[in-house]
Amino acid sequence: MDLDEIFTRDTNTMATEGQPTELVKVLHLLVLSFSWGMQLWVSFIAGFVLIKQVSRHNFGLVQSKLFPVYFYCLLGSNFVSLAVFAVYHPRELLDWHESVQMLLFFAALVTSGLNGQWFGPTATEVMFQMWQVEKEHGLGEEIGLGTKREAYAKLSEQDPKYKAYRRKFGRYHGLSSLCNLTGFICTTINLIYTALKLSTI
């Protein structure tokens, strides 16, 4: 079975509630592409470039300003994608291909919502608490995450409060990253589904 057989069916047999207009098709593709491109840039390019150019605290400050916009843009675009797909694919007519797509759209919406409302803001709040302790010990102005590892480890051993902050930050940052990666995978698969349904390019 080839990739086209896995992800697509003949469009003449696809169960839909009416046919979307050309404008709706363009909107759906643009919103999905916007989500995927934004996730690719923020998750795998921008952060890695930035951390090598600015101090740890400046890096965190930039991320704290960008991430709320990023998460809510994702939330909005995922909502639009799910809504458009649901309108033209009513639940009672879904086959298993479309059910998978619907589930992926919903998962992307939920993960972006969790990041926007909970994991992202909590991680940022704890990060600022960590900074207060780090600044008292002359840390945070070095460039790169690998710099002064011993100093941070020593501070964590000596200061129980800072150790608790780091543990909490690691937990919420990890959950946020997991949600972000899950959403990216969902969007990627849905974009593949959509691309393989195009009749031509």
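Here the structure is a predicted model, which means the values were calculated and not measured.
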Check your understanding: Does Gln129 reach the side chain of Lys168, with side-chain heavy atoms less than 4.5 Å apart?
Key -> no
Check your understanding: In Å, rounded to the nearest 0.5 Å, how long is the span from CD of Glu134 to CG of Leu155?
Key -> 7.0 Å
Practice item. Working to the nearest 0.5 Å, report the span between NE2 of His57 and CZ of Phe128. Key: 10.0 Å
Exercise for review: Spell out, yes or no, whether Trp96 and Phe105 are grouped together once hydrophobic residues are joined by side-chain heavy atoms under 4.5 Å, including indirect joins.
Suggested key: yes
Check your understanding: Measuring from His137:NE2 to Gln132:CD, what's the distance to the nearest 0.5 Å?
Key -> 13.0 Å
Revision key, fill the gap. Interatomic distance, CG@Leu103 vs CG@Leu94, rounded to 0.5 Å, equals 11.0 Å
Exercise for review: Over all heavy atoms of both residues, which pair between Gln63 and Pro68 is shortest? Give the atoms and the distance, please.
Suggested key: O-CD, 4.2 Å
Exercise for review: Flag the pair Val24 / Tyr88 as yes when at least one side-chain heavy-atom distance between them is below 4.5 Å, and no otherwise.
Suggested key: yes
**Study point:** Spatial distance of atom CG (Leu50) from atom CZ (Phe59) [nearest 0.5 Å]
**Key:** 5.5 Å
Practice item. Using the test ring pair (Phe, Tyr, Trp, His ring centres under 6.0 Å), find all partners of Tyr162 that sit at least two apart in sequence or belong to another chain. Key: none
List the atom pairs, with distances to 0.1 Å, where a side-chain N or O of residues 119-126 and a protein N or O form a donor-acceptor pair under 3.5 Å, not counting sequence neighbours.
{"from": "Thr122", "atom 1": "OG1", "to": "Trp118", "atom 2": "O", "distance (Å)": "2.8"}
{"from": "Thr124", "atom 1": "OG1", "to": "Gly120", "atom 2": "O", "distance (Å)": "3.1"}

Point to revise | Salt bridge present between Lys163 and Glu157 (N-O < 4.0 angstrom) | key: no
Check your understanding: With distance as the sole test, does Ser176 use its side chain to make a donor-acceptor pair with the main-chain N or O of Tyr172 at under 3.5 Å?
Key -> no
Study note, to complete from the structure: Of all heavy-atom pairs linking Met127 and Ser64, the shortest is CE-CB, 4.1 Å
Practice item. Specify the closest pair of heavy atoms between Tyr152 and Arg56, including all atoms of both residues, with the distance to one decimal. Key: OH-NE, 3.1 Å
Check your understanding: Can you list the steps and then say if Asn180 with Tyr70 is a side chain to side chain donor-acceptor pair (under 3.5 Å)?
Key -> CA-CA 11 Å; Asn180 189 61; Tyr70 167 62; 2.6 Å; yes
Exercise for review: With the side chain counted from C-beta on, respond yes when Tyr193 and His97 share a heavy-atom pair under 4.5 Å apart, and no when they do not.
Suggested key: yes
Check your understanding: In terms of hydrophobic clustering (I, L, V, M, F, W, Y; side-chain heavy atoms under 4.5 Å; direct or indirect links), are Leu114 and Val69 co-clustered?
Key -> no
Review point. Side chains of Ile189 and Gln101: closer than 4.5 Å at any heavy-atom pair?
Key: no
Check your understanding: Applying the 4.5 Å side-chain criterion to the ILVMFWY set and letting contacts propagate, would Leu191 and Leu181 be lumped into a single cluster?
Key -> yes
Check your understanding: Are Phe71 and Leu61 grouped together when hydrophobic residues (ILVMFWY) are joined by side-chain heavy atoms under 4.5 angstrom apart?
Key -> no
Review point. Can you tell if the side chain of Phe67 reaches within under 4.5 Å of the side chain of Val42, non-hydrogen atoms only?
Key: yes
Point to revise | Minimum side-chain heavy-atom gap Thr187-Asn78 below 4.5 Å | key: yes
Check your understanding: Checking Glu98 side chain against Asp95 main chain: does a donor-acceptor pair fall under 3.5 Å?
Key -> yes
Donor-acceptor contacts under 3.5 Å from residues 28-35 side chains, at least two apart:
{"from": "Ser33", "atom 1": "OG", "to": "Leu29", "atom 2": "O", "distance (Å)": "2.8"}
{"from": "Ser35", "atom 1": "OG", "to": "Val31", "atom 2": "O", "distance (Å)": "3.1"}
{"from": "Ser35", "atom 1": "OG", "to": "Ser77", "atom 2": "OG", "distance (Å)": "2.7"}

**Study point:** Heavy atoms from other residues, nucleotides or ligands near CZ of Arg167 exceed 12 (cutoff 6.0 Å)
**Key:** no
Exercise for review: Report yes or no: do Ser55 and Asn58 form a side-chain donor-acceptor pair below 3.5 Å?
Suggested key: yes
Point to revise | Under the side chain to side chain contact (heavy atoms under 4.5 Å, CB included) test, residues paired with Lys161 that sit two or more places apart | key: Val133, Asp159, Tyr165
Practice item. Count the heavy atoms belonging to other residues, nucleotides or ligands that lie under 6.0 Å from NE2 of His173, then report whether that count exceeds 12. Key: no
Check your understanding: Can you name the closest pair of heavy atoms from Glu142 and Gly140 and give their distance?
Key -> OE1-N, 3.1 Å
Review point. Who else is in Phe48's hydrophobic cluster (ILVMFWY, side-chain heavy atoms under 4.5 Å, direct or via others)?
Key: none
Point to revise | Tyr72 vs Ser112 side-chain heavy atoms within contact, under 4.5 Å | key: no
Check your understanding: Which distance, rounded to the nearest 0.5 Å, do you find between the CG of Leu139 and the NZ of Lys148?
Key -> 6.0 Å
Exercise for review: Take the angle between the ring planes of His89 and Phe85 and call it parallel below 30°, perpendicular above 60°, tilted in between.
Suggested key: parallel
Exercise for review: In sequence, state the C-alpha distance, the side-chain angles, and the governing distance for Glu22 and Lys25, and then conclude on salt bridge (charged side-chain N to carboxylate O under 4.0 Å, His left out).
Suggested key: CA-CA 5 Å; Glu22 297 298 320; Lys25 292 179 182 178; 3.8 Å; yes
Review point. Do the non-hydrogen side-chain atoms of Val54 and Ile143 ever get within less than 4.5 Å of each other?
Key: no
Exercise for review: Determine, using the 4.5 Å side-chain heavy-atom cutoff (strictly less than), whether Phe169 and Leu178 are members of one ILVMFWY cluster.
Suggested key: no
**Study point:** Gly183 to Thr111 - nearest heavy-atom pair and separation
**Key:** CA-OG1, 3.7 Å
Review point. Using links of under 4.5 Å between side-chain heavy atoms of ILVMFWY residues, direct or through other members, which residues join Leu198 in one cluster?
Key: none
